[in-house]
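Here's the structure we're looking at; comments come further down.
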Amino acid sequence: MMTNARSTSSRLFHFLGSMNLAITLLVLLAIASVIGTILQQNKPYTDYEVKFGSFWFEIYRMLGLYDVYSAIWFLVILAFLILSITVCVIRYTPGILRELRHYRESAKEKSLLAMKHHAVLTTNLPNPDIQAIAQQALKSEKFRFRIANNDSHTTLAAMSGAGNRWGYWFTHLGMIVLLLGGLLDSRLPLMLAEWQGKLKPETRNIPASEVPQISRLGPQSFAYRGSVDVPEGKRANVIFLNVRDGYLVQRLPFEVEVKDFRVEHYSTGQPKSFESDIVIYDPDHKEPISTTISVNHPMIYKGTAIYQASFGDGGSEIDMRLRPFNVQYANQDVKGNIFQNYTLKASNANYQVELKDFRIFNINPVTDEKGKVHQKNMGPSLIFRLRNAAGEAIEYTNYMAPVEIEGRPYFISGVRTSPADPQRFLHIPADSNSSVDLFFNYLRKLQDNAAVRKAVTNMTQDSMKDSELSNPAMQEQVIDSMIRLTEMFASSGFEGIQQDLAQRFPKEKVEEASKAFMKVLQAALRAVYMDTLAEQGKTELTDKDWLFFDDSLAAIANLPFYGSPWYVQMTNFKHIQASGLQMTRSPGQNIVYLGSIMLTIGVFLLFYIARRRLWILIKPRDDGQSDVILAGTTNRNQKDFDHYFQGLQSAFQRALTARGA
Amino acid sequence: MSVPQEAMQEFLDKPSLLQRLKTFDWIWAALVVLGAAFVFMRYHTAMDVYEKSFLVLAVPGLVGLGWHWRSIEPYTLAVTLISLLGIWLYHGDYANAEKVFGLKYMFSSQSAIMWMSALFVLATLFYFAGLFGNSEFLEKTGSGLTWTALVMGLSGLMIRWYESYLVDPEFGHIPVSNLYEVFILFCVITGLLYLFYEQRYRNRTLGGFVLLIISAAVAFLLWYSFDRDAHKIQPLVPALKSYWMKIHVPANFIGYGAFALAAMVSVAYLIKDAAVKRAPDGWTAKRLPSLDMLDDLTYKAIALGFAFFTIATILGAMWAAEAWGGYWSWDPKETWALIVWLNYAAWLHLRFTKGWRGTTMAWWAIIGLFVTLFAFLGVNMFLSGLHSYGEL
């Protein structure tokens with residue numbers, strides 16, 4: 001039984017230290033690592049579910065593919081790698097030590113002659129002279145050697161390049177040190193606590209103060225790495241550690257306030273630097289500590305490094321004017337903050353307005369007439385979602401100031417129903433006061449039947465005055481259809497009119513009818529437009545005014561697809577930024593660096609110092625001459641050694657004959 | 001009993017380093033020292049402690065390199081002279097790049113890089129012509145052209161460095177910050193590594209093989225620069241504004257260059273191996289170097305690449321600790337660097353401990369290049385992560 005047990009454990013030891021296992025682990029680790037780069041890690045779980053379908057989503061989740069580098073099987077590979085390297089070092093160290101101590105001066109003549117590098121020289125020098133030459137040669141070549149005298153021969157056994165063996169230790173111990181250092185900074189303690197049920201990541205989007213105790217970590221944590229967004233003027237005493245689809249709240253041993261966050265720009269408009277003025281409040285210090293951090297220049301306080309990692313909105317204050325597209329309702333002025341939701345009443349339904357983001361700069365590529373692309377700042381924008389009672393949301397990006405396109409200014413609003421969709425844009429033409437007033441005046445007039453009637457009546461009377469067709473009944477008919485068409489256009493655009501026509505006319509007549517109706521509609525729209533301008537005292541219309549007319553019609557035609565009952569106009573804002581701070585405590589870092597340095601030194605020793613052995617066996621012959629057997633081995637760079645050994649051999653030859661001649 | 005001195009002096013027929021040095025070596029070393037002294041005196045007020053120590057360490061480093069490999073001496077002199085000439089021609093005005101003849105056609109960084117590109121392609125043709133035509137003259141011309149290309153390439157980078165300050169003093173940075181610039185660096189480093197081994201092994205037949213991959217890089221460079229205007233000097237994004245970039249990137253490219261060299265030598269190995277098996281006395285078998293030498297060269301290149309890649313990855317981790325808040329984030333680029341490292345670590349282990357040689361290892365070295373290529377380019381093209389500087 002005893003022998004059996006010993007053989008099992010020794011077999012296990014042998015297996016763990018084997019090269020096959022080591023190579024397998026290296027390759028396995030490489031393949032496992034690939035998975036984590038192909039599949040984006042730690043995204044919201046719903047994204048994965050949408051991507052893979054619920055069946056595969058569940059399987060991949062169980063395999064830990066959404067967080068490969070924390071998956072149990074991945075950690076097991078790493079653990080085996082540490083074990084394998086350790087066993088390897090333990091197993092080979094005694095042999096290496098023995099080898100470093102043993103000169104092998106008892107090597108037999110036969111085994112020397114069997115070496116790839118060997119030479120037999122003959123000389124008539126006396127034995128002591130040969131020995132002296134050999135010794136001097138070995139010394140000048142920096143070999144350490146021993147001499148063994150035998151009754152039949154003398155052997156000088158020499159070696160050099162012990163550094164190569166140090167290379168072996170340095171690389172392998174360096175790897176162990178490095179991996180253990182990394183382990184200190186890892187989330188292994190958190191994972192263990194989670195398995196024991198002492199810790200549970202929070203998945204709800206709730207304020208840090210409401211997160212239950214089971215998702216919290218105290219300030220005494222050994223190592224952590226997480227982040228927090230701190231609005232300007234606010235303080236934070238926790239950071240959030242992302243864990244799969246949730247997070248943990250890590251209490252900091254101090255408080256950090258962000259005084260100010262700044263982005264500096266190059267002359268081209270590209271960002272040059274991101275920096276935050278921060279203040280650290282620590283009960284251990286009477287005076288708060290003020291400093292500035294920026295990208296690549298973190299601050300280290302009590303073992304915690306504070307990095308400038310990102311930035312975003314910190315809840316900017318936004319003044320909005322909601323302009324309904326429907327004439328029956330009045331404008332509303334609303335004040336709000338980014339990240340807040342507001343319930344507002346529009347026409348006959350309630351909507352939730354969710355303010356998502358505010359951007360003070362929007363630098364976009366713009367192509368000029370010559371086809372050259374320029375970077376252009378389009379000014380501040382507001383991003384918000386409008387959610388209806390059914391919970392469906394549309395996302396809008398509204399620019400505060402008009403943007404010039406082909407020489408004409410527009411208020412631009414981007415629309416999309418899902419973040420994956422490309423944005424579609426509504427272009428509302430800006431009037432000469434850079435406002436949307438003219439457009440909305442016109443739109444309201446189009447929806448006001450009385451106003452339309454007034455405008456088109458004037459117009460038809462003007463145009464029919466001279467006509468012989470002057471016929472009050474027909475005139476009335478034309479006016480009625482104009483009002484009806486205008487109303488239809490103002491509520492459902494050209495598309496609505498086409499649908500209406502398709503219902504009322506047989507297929508073959510639709511096109512003809514459509515042409516006629518469009519003419520009538522155009523005339524009515526023009527009449528109302530001219531009326532709108534006339535109210536402002538403008539009776540002579542320029543090309544510019546007609547372009548505005550065209551742009552207004554294009555915008556109105558798109559309104560049915562816009563999906564919002566209002567045009568949300570940003571009228572004022574107070575920009576409040578938030579600085580994204582990453583905080584890390586990694587006590588293992590210096591250990592990792594130590595391991596890295598050992599590894600580097602080791603690699604160079606291993607590659608560039610060859611372990612060489614030489615034997616010089618001097619054997620007197622019966623005829624008074626002596627045979628000198630020169631032999632050598634190396635563990636690196638055989639080709640270099642070929643050359644070296646040849647040089648050695650001919651030098652010996654020369655030295656032995658020069659004296660002997 | 002003493003051994004006569006003269007016998008021992010000649011013992012290994014190997015003079016010491018100092019004995020081997022010739023007058024020119026000393027003149028060159030003096031120039032390096034003077035150059036560094038000049039830079040120090042003139043710019044020390046603008047330098048921080050790192051820059052000062054780098055300058056000081058650069059002197060023994062460069063002198064050692066030059067004495068160890070003599071060709072570096074005339075090479076650095078040529079690069080220095082051309083760079084200074086280019087800088088002088090600018091007279092402090094970037095607009096001169098289009099106005100001054102010498103800049104427009106020769107020494108503005110863009111022109112110098114074009115010259116480098118053309119010369120590399122030409123050198124590839126000459127090397128192959130020399131190989132097929134069994135002509136030493138053509139091969140020597142190939143070496144000459146490669147040296148010239150390397151002079152133009154490195155000078156181009158140096159001048160580009162200066163240009164970046166001319167465009168806007170705030171833009172100024174070492175030209176290793178985007179794909180365009182590092183491709184030039186790759187061409188230069190791979191070329192230098194190749195020439196080093198060409199001289200060590202006294203064999204020019206591999207020039208075509210190695211320059212083939214440099215020519216491929218040149219093709220990419222030209223496409224990138226004409227199609228995407230990549231040669232335009234852009235300011236650095238805040239994440240790259242760090243001293244680490246200056247050492248992390250070049251160390252990485254010594255690794256990439258050496259791995260590329262190893263893969264191309266392995267291609268030659270496989271061709272030679274197939275040729276020897278088919279017809280041991282055939283033309284191909286005779287023209288290409290011995291399998292032993294090819295195997296040895298592959299190993300040396302991989303060992304060198306591995307050593308520098310290790311350093312580069314560690315430097316990268318140190319930089320990451322300063323910029324991203326952690327020395328290791330399993331970011332795709334980091335992870336692929338690890339994969340490359342593991343791959344060559346496995347290669348070296350098999351060679352050291354199991355003595356693997358031959359076609360398997362040659363194929364592996366070639367596959368290794370593809371893994372490296374993915375880490376270098378593929379990650380930026382297909383995967384998203386923190387390292388998004390060199391996007392195509």
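To find a chain, count down the sequence lines: A is the first, B the second, and so on, and within it residues start at 1.
The shortest heavy-atom contact between Ala321(B) and Tyr593(A) is CB-OH, 3.3 Å. Nearest heavy-atom pair across Thr268(A) and Pro235(B) is OG1-CG, 4.1 Å. Annotation for Ser329(B) and Arg225(A): closest pair OG-NH2, 2.9 Å, computed over non-hydrogen atoms. The two atoms that bring Pro238(B) and Phe274(A) nearest to each other are CG-CE1, 3.4 Å, heavy atoms only.
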Return a table of donor-acceptor pairs under 3.5 angstrom between the side chains of residues 600-611 of chain A and protein atoms on other chains or two or more places apart.
{"unit_1": "Thr600(A)", "atom_1": "OG1", "unit_2": "Ser596(A)", "atom_2": "O", "d": "2.8"}
{"unit_1": "Arg611(A)", "atom_1": "NH1", "unit_2": "Glu99(A)", "atom_2": "OE1", "d": "2.3"}

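Ranking Leu304(B), Val340(B), Val371(B), Leu338(B) against chain A, the residue ahead of the rest is Leu304(B), based on heavy-atom pairs under 4.5 Å. Comparing Trp244(B), Phe306(B), Phe374(B), Tyr243(B) by heavy-atom pairs within less than 4.5 Å of chain A, the highest count is held by Phe306(B).
A 4.5 Å side-chain heavy-atom check between Val34(A) and Trp336(B) finds at least one atom pair inside the cut-off. Between Thr335(B) and Gln41(A) there is no side-chain heavy-atom pair separated by less than 4.5 Å.
At most 12 non-hydrogen atoms from other residues, nucleotides or ligands lie less than 6.0 angstrom from NZ of Lys232(B). Heavy atoms from other residues, nucleotides or ligands lying under 6.0 Å from CH2 of Trp363(B) number 12 at most.
Atoms CD and CG, on Gln638(A) and Asp295(B) in that order, are 10.5 Å from each other to the nearest 0.5 Å. The CD atom of Gln234(B) sits 5.0 Å away from the CD atom of Gln270(A) when rounded to the nearest 0.5 Å. Note: Ser242(B) OG to His297(A) NE2 = 7.0 Å, rounded to the nearest 0.5 Å. Here the straight-line distance linking atom CD1 of Ile23(A) with atom OG1 of Thr353(B) works out to 6.0 Å at 0.5 Å rounding. Within the model, atoms CG of Leu599(A) and CD1 of Ile314(B) stand 5.0 Å from one another, a figure rounded to the nearest 0.5 Å. The CD atom of Glu334(B) sits 11.5 Å away from the OG atom of Ser33(A) when rounded to the nearest 0.5 Å.
The main-chain N or O of Ser586(A) is never found under 3.5 Å from a side-chain atom of Tyr327(B) such that the two would form a donor-acceptor pair. At distances below 3.5 Å, not a single donor-acceptor pair connects side-chain atoms of Tyr266(A) with backbone N or O atoms of Val237(B).
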> When you look at His349(B) and Leu26(A), which way does the side chain to side chain contact (heavy atoms under 4.5 Å, CB included) test go after all the steps?
Replying inline: CA-CA 10 Å; His349(B) 272 97; Leu26(A) 291 182; 4.1 Å; yes
>> Between Val379(B) and Thr37(A), is the side chain to side chain contact (heavy atoms under 4.5 Å, CB included) condition met? List the steps.
In response: CA-CA 9 Å; Val379(B) 172; Thr37(A) 65; over 6 Å; no
> For Lys300(B) and Asp640(A), what are the C-alpha separation, side-chain angles and deciding distance, and is it a salt bridge (charged side-chain N to carboxylate O under 4.0 Å, His left out)?
Replying inline: CA-CA 11 Å; Lys300(B) 284 203 169 129; Asp640(A) 294 351; 3.0 Å; yes
>> Checking Tyr299(B) against Asn637(A) for the side chain to side chain contact (heavy atoms under 4.5 Å, CB included) test, could you report, in this order, the C-alpha distance in whole Å, the side-chain angles of both residues, the deciding distance, and whether it holds?
In response: CA-CA 9 Å; Tyr299(B) 157 70; Asn637(A) 300 343; 3.0 Å; yes
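Taking the six-membered ring for Trp and thresholds of 30 and 60 degrees, Phe74(A) and Trp330(B) have ring planes more than 60 degrees apart, a perpendicular arrangement.
For chain B, the nearby parts of Gln589(A) are the backbone and the side chain; heavy atoms of each come within less than 4.5 Å.
Cation-pi geometry between Arg636(A) and Phe352(B) is met: under 6.0 angstrom from the ring centre, within 45 degrees of the axis.
For Asn296(A) and Trp319(B), the side-chain atoms include at least one donor-acceptor pair closer than 3.5 Å.
Remark: Phe261(A) engages Phe311(A) in a ring pair (Phe, Tyr, Trp, His ring centres under 6.0 Å) (not counting sequence neighbours).
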